[in-house]
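First up is the structure itself, then whatever we jot down about it.
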2 protein chains.
Amino acid sequence: EKVAITGVTGDAEIARIALMQVKDIPGVAARISKSLADANVHIQLIIQGIRHDQTNDFSLIISQEDAQHSQDILQRVSQEVKAQEIQVDTHVARVSVIGSGVASNPGVAARMFQALADNEINIQLISSSEIRIACIIQEDQLDSAIRALHEAFDLSNLERKTIST
Amino acid sequence: EKVAITGVTGDAEIARIALMQVKDIPGVAARISKSLADANVHIQLIIQGIRHDQTNDFSLIISQEDAQHSQDILQRVSQEVKAQEIQVDTHVARVSVIGSGVASNPGVAARMFQALADNEINIQLISSSEIRIACIIQEDQLDSAIRALHEAFDLSNLERKTIST
Ligand SMILES: C[C@@H](O)[C@H](N)C(=O)O
Ligand SMILES: C[C@@H](O)[C@H](N)C(=O)O
């Protein structure tokens with residue numbers, strides 16, 4: 001069964017910063033993102049999952065070179081938003097499957113996740129839209145992830161550059 | 001300051017299903033998404049945040065009409081992936097800001113979140129990409145969210161339909 005996937009992309013030049021257990025009240029997401037916007041830090045991905053008790057985790061994907069600067073900024077905000085902890089990991093990579101088939105074919109996500117699972121690659125974060133599924137994985141697994149997805153989606157021309165999606 | 005935002009879209013015909021505290025090991029995401037793909041359920045968004053002690057929460061946005069059927073399917077899978085709980089909420093809506101300016105201008109996310117905060121709208125889930133930021137909010141706040149974003153981004157032509165992004 002052929003799905004309309006146009007490419008697999010990977011990027012290891014990223015860092016993941018997470019403010020753990022911030023207050024889950026209006027204004028917190030604005031305060032965090034404004035602090036980085038004011039410093040002109042480009043946020044590549046924002047992922048916030050479901051709340052637990054009255055708190056939530058707020059994860060950001062930024063470039064590796066912005067990691068230290070962003071951590072300093074967020075340290076100052078963390079008090080205000082009552083973050084229990086700030087976790088920074090620069091040893092992560094993003095791997096994405098892109099194409100119009102993501103939306104129209106429910107099997108694309110399962111195929112992507114299965115290809116990663118078959119290669120013992122644990123998925124740390126997931127952010128998906130109608131045309132793209134992005135997974136954050138360990139940086140040292142990026143090459144095998146791209147190879148596995150290349151095979152799973154039968155792609156002949158592989159792209160290893162980042163593209164805006 | 002003008003940002004290149006092409007529209008604000010909203011959709012109240014959705015449901016949020018979350019498998020709480022699944023095992024954070026390879027294969028779990030594949031098992032969950034495959035169970036829905038096999039039943040031809042279209043997953044609109046997948047959001048998975050950061051792990052806590054070897055477990056993770058796996059949130060799905062689907063159409064409201066798929067909610068009951070999906071819940072039944074996931075009940076059967078939850079044992080296998082050791083989900084502590086399945087949370088279903090059909091009283092949610094998705095509001096998105098879309099445009100090339102999302103990527104190039106770090107202030108877009110802060111402006112979106114601030115507009116929601118100013119209207120006392122709590123953001124339950126966030127999934128963003130380079131061209132789109134989607135927030136899951138309470139269904140009964142969708143109209144005020146769209147109005148607030150319309151004002152914040154100075155959009156004259158408002159789109160209330162869902163588009164593939
Ligand atoms: C956690 C954060 O997203 C909060 N719920 C807000 O609306 O800002
Ligand atoms: C939780 C789930 O995403 C798991 N980490 C996996 O890789 O499948």
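The sequence lines fix the lettering, A, B, ..., with proteins before strands; numbering per chain opens at 1.
A salt bridge links A/Asp38 with A/Lys34; the closest basic N to acidic carboxylate O contact falls under 4.0 Å. A salt bridge between A/Asp11 and A/Arg94 is absent, with no side-chain N of the basic residue lying under 4.0 Å from a carboxylate O of the acidic one.
No side-chain donor from either of B/Arg76 and B/Gln79 sits under 3.5 Å from a side-chain acceptor of the other.
Interface check for chain B: of the options A/Glu120, A/Gln114, A/His42, the most heavy-atom pairs under 4.5 Å are formed by A/His42. Annotation: maximal heavy-atom pairing with chain B below 4.5 Å, among A/Ser100, A/Ala117, A/Ala39, occurs at A/Ala117. The choice from B/Val28, B/Ile126, B/Ile136 that makes the most heavy-atom pairs within less than 4.5 Å of chain A is B/Ile126. With chain A as the partner, the residue from B/Ala37, B/Gly27, B/Ala134, B/Ser33 showing the most heavy-atom pairs under 4.5 Å is B/Ser33. Interface check for chain A: of the options B/Ala30, B/Ser59, B/Ala109, the most heavy-atom pairs under 4.5 Å are formed by B/Ala30.
At a 4.5 Å heavy-atom cutoff, A/Met112 makes no contact with chain B through either its backbone or its side chain. Contacts between A/Leu116 and chain B at a heavy-atom distance below 4.5 Å are absent for every atom of the residue. Interface residue A/Asp57: only side-chain heavy atoms are found under 4.5 Å from chain B.
Below 30°, between 30° and 60°, or above 60°: for A/Phe58 and B/Phe113 the angle between ring planes is above 60°, a perpendicular geometry.
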Report the C-alpha distance between B/Arg132 and A/Ser129 in whole Å, list the side-chain angles of each, state the deciding distance to 0.1 Å, and finish with yes or no for side-chain contact (heavy atoms from CB on, under 4.5 Å). CA-CA 9 Å; B/Arg132 169 198 65 94; A/Ser129 71; 3.1 Å; yes
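We find the CD1-CD1 distance between A/Ile25 and B/Ile123 to be 11.5 Å, quoted to the nearest 0.5 Å.
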